[in-house]
Amino acid sequence: MNFVAKAVLAAGLMLSAALPADAAVIFTFNQVGPFQHPPSPIGIPNIRINGQIIVSDEAGRDGFSYQIQNRSTAPYFQSSLDGLLSLRIEGGNRFNITGGFGFVTLADFTTPTTPTSGVLNSVDIFGSTATGLNGTINFSDTESQYRLDFTGTEFTGNFVADYANGCTDPLCTYSGNISTVAVPVPEPASLALFGMGLAGLGLIRRKRAA
């Protein structure tokens, strides 16, 4: 096989690998403006409610519905979470279940609480790429509590924390926007083809140098 044929073959392998075999749908939500605490806005340094919920391409296209009830005063309940790839909320608390600072993840909702913890964590969300993200999320621990209400392309919520000066009774409120985007996710087979393509080009360059 001459150099040109080898180059075409390697390039073809790389091109086939570059084609997305699947995709994930990312719902990103970001607080807009300051927290509100009647009768005026209130600025809380370094605290904003932001996050992402990522579902599979199939779940985003066909629609999804996920429920988790995780509270110390009732039995743990979880619906099927098929297609739910990730959940992350930043800024609403200081420590998550694994000791991370400033964010919670899906594990903070799916790890059952102890009967005496006083925790009330729940997820009740549904939607699709056509309808956006809808439903509610509640999170609380020993030092903070917040709620998010999603309505398609916007969200609202309330927030209180021991460390957030000014966010006491009544709770602070906030609002923001939701964006939806589908991103390619290469499958292992595609990654393997990509590697083969790179290896092929490497061999070609070595032979030419020799």
Side-chain angles (χ1 to χ4, degrees), residues 24-31 35-37 44 46-56 59-60 63-128 131-152 154-180:
V25 178
I26 303 177
F27 298 91
T28 302
F29 46 95
N30 295 290
Q31 179 179 336
F35 290 96
Q36 302 290 322
H37 190 269
I44 308 175
N46 303 320
I47 300 178
R48 290 279 174 148
I49 306 296
N50 304 299
Q52 287 185 336
I53 294 174
I54 305 178
V55 302
S56 66
F64 58 84
S65 178
Y66 305 119
Q67 292 80 40
I68 302 171
Q69 293 293 331
N70 188 5
R71 64 184 71 195
S72 58
T73 57
Y76 177 86
F77 168 78
Q78 173 185 304
S79 69
S80 171
L81 301 183
D82 289 347
L84 178 57
L85 306 181
S86 175
L87 186 158
R88 180 184 175 96
I89 304 171
E90 300 178 354
N93 75 312
R94 287 198 291 181
F95 301 100
N96 64 10
I97 198 167
T98 59
F101 181 84
F103 64 92
V104 299
T105 65
L106 187 59
D108 291 279
F109 296 91
T110 57
T111 302
T113 61
T114 60
T116 59
S117 64
V119 167
L120 167 59
N121 295 338
S122 66
V123 174
D124 187 359
I125 56 174
F126 61 96
S128 67
T131 63
L133 181 64
N134 300 274
T136 62
I137 291 179
N138 287 281
F139 178 84
S140 67
D141 56 18
T142 57
E143 57 184 14
S144 65
Q145 174 183 327
Y146 59 86
R147 174 187 174 97
L148 299 100
D149 292 290
F150 303 102
T151 55
E154 298 178 340
F155 75 97
T156 59
N158 55 54
F159 172 74
V160 63
D162 296 340
Y163 53 87
N165 294 333
C167 276
T168 55
D169 190 25
L171 280 63
C172 287
T173 60
Y174 55 93
S175 61
N177 299 323
I178 306 170
S179 63
T180 304

- Query: Which residues pass the ring-ring contact (aromatic ring centres under 6.0 Å, His included) test with Phe159, sequence neighbours left out?
  - Reply: Phe35
- Query: Partners of Tyr146 by ring-ring contact (aromatic ring centres under 6.0 Å, His included), sequence neighbours excluded?
  - Reply: Phe139
Can you name the side chain to side chain donor-acceptor pair (under 3.5 Å) partners of [X], sequence neighbours left out?
| X | value |
| --- | --- |
| Ser122 | Asn138 |
| Thr180 | none |
| Gln145 | none |
| Gln78 | Tyr76 |

Quick one: does [X]'s side chain get under 4.5 Å of [Y]'s, heavy atoms only?
| X | Y | result |
| --- | --- | --- |
| Thr136 | Arg147 | yes |
| Ile49 | Leu148 | yes |
| Gln31 | Asn50 | yes |
| Phe126 | Leu133 | no |

- Query: When rounded to the nearest 0.5 angstrom, what is the spacing between OG in Ser179 and CD1 in Ile26?
  - Reply: 9.0 Å
- Item | Atom pair CD1/CG of Ile137 and Asn121 - distance to nearest 0.5 Å | 10.5 Å
- Item | Non-neighbouring partners of Asp82 that pass salt bridge (charged side-chain N to carboxylate O under 4.0 Å, His left out), sequence neighbours left out | none
- Judged by atom type as modelled, is there a donor-acceptor pair below 3.5 Å linking the side chain of Thr131 to the main-chain atoms of Gly127? no
With [X] via side chain to side chain contact (heavy atoms under 4.5 Å, CB included) - residues at least two apart:
| X | result |
| --- | --- |
| Gln36 | Pro34, Pro41, Thr173 |
| Gln67 | Ser65, Phe77, Ser79, Asp124 |
| Thr156 | Asp149, Ser175 |

For residues 83-90, tabulate all N or O donor-acceptor pairs below 3.5 Å that involve a side-chain atom, not counting sequence neighbours.
unit_1 : atom_1 : unit_2 : atom_2 : d
Arg88  : NE     : Glu90  : OE2    : 2.9

- Query: Does the ring-ring contact (aromatic ring centres under 6.0 Å, His included) test come out yes or no for Tyr66 and Phe64, once each step is laid out?
  - Reply: CA-CA 7 Å; Tyr66 305 119; Phe64 58 84; 5.4 Å; yes
Might you point out which heavy atoms bring [X] and [Y] nearest each other, and give the distance in Å?
| X | Y | value |
| --- | --- | --- |
| Ile54 | Ala24 | CG2-CB, 3.9 Å |
| Ala161 | Ser144 | CB-CB, 3.8 Å |
| Asn70 | Thr111 | ND2-O, 2.9 Å |

- Going through the distances and angles, do Asn134 and Ile125 end up as a side chain to side chain contact (heavy atoms under 4.5 Å, CB included)? CA-CA 6 Å; Asn134 300 274; Ile125 56 174; over 6 Å; no
- Task: For the pair Phe155 and Phe150, name the ring-plane relationship: parallel under 30°, tilted 30 to 60°, perpendicular over 60°.
- Result: tilted
